[in-house]
Protein chains: 2
Amino acid sequence: MKVTRAQIVDGAYELLRERGLSSLSMRRLAQDLGVQPGALYYHVANKQELLAVVAARVLADFPASPADPRSAAQDLRAALLRVRDGAEVVSFVQAYRPDVLTPTGALNRLFTDRFGPRQAEWAARTIVHYVLGFVAEEQNRAELVRAGIVDVEPAHERESAEAFLFGVDAILTGLAG
Amino acid sequence: MKVTRAQIVDGAYELLRERGLSSLSMRRLAQDLGVQPGALYYHVANKQELLAVVAARVLADFPASPADPRSAAQDLRAALLRVRDGAEVVSFVQAYRPDVLTPTGALNRLFTDRFGPRQAEWAARTIVHYVLGFVAEEQNRAELVRAGIVDVEPAHERESAEAFLFGVDAILTGLAG
DNA sequence: ACCTGAACACCGTTCAAGT
DNA sequence: ACCTGAACACCGTTCAAGT
């Protein structure tokens, strides 16, 4: 059996999207691809590097040049929600591969007319931290509900979106003032 | 050899504090306590439950009744920074044991005079999400530097505190407006 | 060049059997 | 009541040997 790097990345992304982070192991990925675990390491340095590429794919449909910070925040949340544990993976990768995180860069640009470079960066990170924290909690709860560990009905999307925008608008109002 | 639940919790907390989350395994903890891994499960249901108790201890020196949201945010950050991976552990526990998270409750109370109960809750969560996200990134970077994976000099505490407060003040200004 | 087989050093959790 | 011994079903990673 043969695998390409592209197949590995595709497989990892699909595994994450539909089974979640706890199912995304190198061994299971290898099995899905019909190959021995060691074979993956010929195409990929290690799991961290693979996760970085997968995180970039999660963020792929986040627009490169969003119109305004408010819709950028909503787009970021939407992109993260499309993949199980999306926020957790992106948070993890953000720490050691900040360059993968296009949203921070895009938001940064939206603030450079209002702020100096330092504060534009801080403003962008404030939004991103909030969005990642909010969505991570949403998705963690969803995972626990799925696993039957927690039986609290997850809030309806209507209410979640409302709570989400409350925070976004507070931050943006504060940044504007 | 005998262990008490208190010894297990103390040991887990110490292991986390000085060695970090990646060293906090049930097997290593058992070894530190001079006991077989299975023995732990007589005192603790599973690792998740143990982490919930440890997270509560991380937050133990967060004041129960902070004076104002700004100092509450700083106190929360300080409490998290005292323990390696403190933010990650608290974030993880927050999802399935929100009751352990006293900070949200304390912040909630500080907002109830300005807002209705729904919005006070949202306001509190906005702050907490931001703080957890900010500190998680700080600590993740610190871990990667320690591991030699990333060699970027971590920002000085002066600058980190400044960036942190920039976000806190933006959020609080927005909430006030 | 790329993969297999097999190992190394780990995990969390369970449970009969011991004391 | 509490612990041990031993197992089960996993991990990520490495690497000689094969093709």
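Throughout, protein chains are lettered first and strands after them, A, B, ... in sequence-line order, and every chain is numbered starting at 1.
- A salt bridge between A/Glu18 and A/Arg146 is absent, with no side-chain N of the basic residue lying under 4.0 Å from a carboxylate O of the acidic one.
- The pair A/Arg118-B/Glu162 meets the salt-bridge criterion, with a side-chain N (NZ, NE, NH1 or NH2) lying under 4.0 Å from an Asp/Glu carboxylate O.
- Across residues 38-49 of chain A, A/Gly38, A/Ala39, A/Tyr42, A/His43 each have a non-hydrogen atom less than 4.0 Å from an atom of DNA chain C (numbered order).
- Counting only residues at least two apart or in different chains, salt bridge (charged side-chain N to carboxylate O under 4.0 Å, His left out) contacts with residues 32-42 of chain B are absent.
- Remark: B/Arg84 engages B/Glu143 in a salt bridge, criterion side-chain N to carboxylate O under 4.0 Å.
- For B/Tyr13, there are no ring pair (Phe, Tyr, Trp, His ring centres under 6.0 Å) partners two or more places apart in sequence or in a different chain.
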### Query
Which dot-bracket string fits DNA chain C when only Watson-Crick or G-U wobble pairs with both atom distances under 3.5 Å count, crossing pairs get [ ], and | stands for a partner on a different strand?
||.|||||...|||||.||
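- Of the residues in residues 8-33 of chain A, those with a non-hydrogen atom less than 4.0 angstrom from any atom of DNA chain C are A/Arg27.
- To the nearest angstrom, P of D/dA1 lies 22 Å from CE of B/Met1.
- Atom CE of B/Met26 sits about 5.5 Å away from atom CG of B/Leu50, to the nearest 0.5 Å.
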Please produce a list of atom pairs where a protein N or O lies less than 3.5 Å from an N or O of nucleotides 16-19 of chain C.
none

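- Applying the 4.0 Å criterion to OP1 and OP2 of D/dC3, one finds that B/Gln36 has every side-chain N and O outside that range.
- Look at the P atom in both D/dA9 and C/dA9: the space between them is 23 Å, to the nearest Å.
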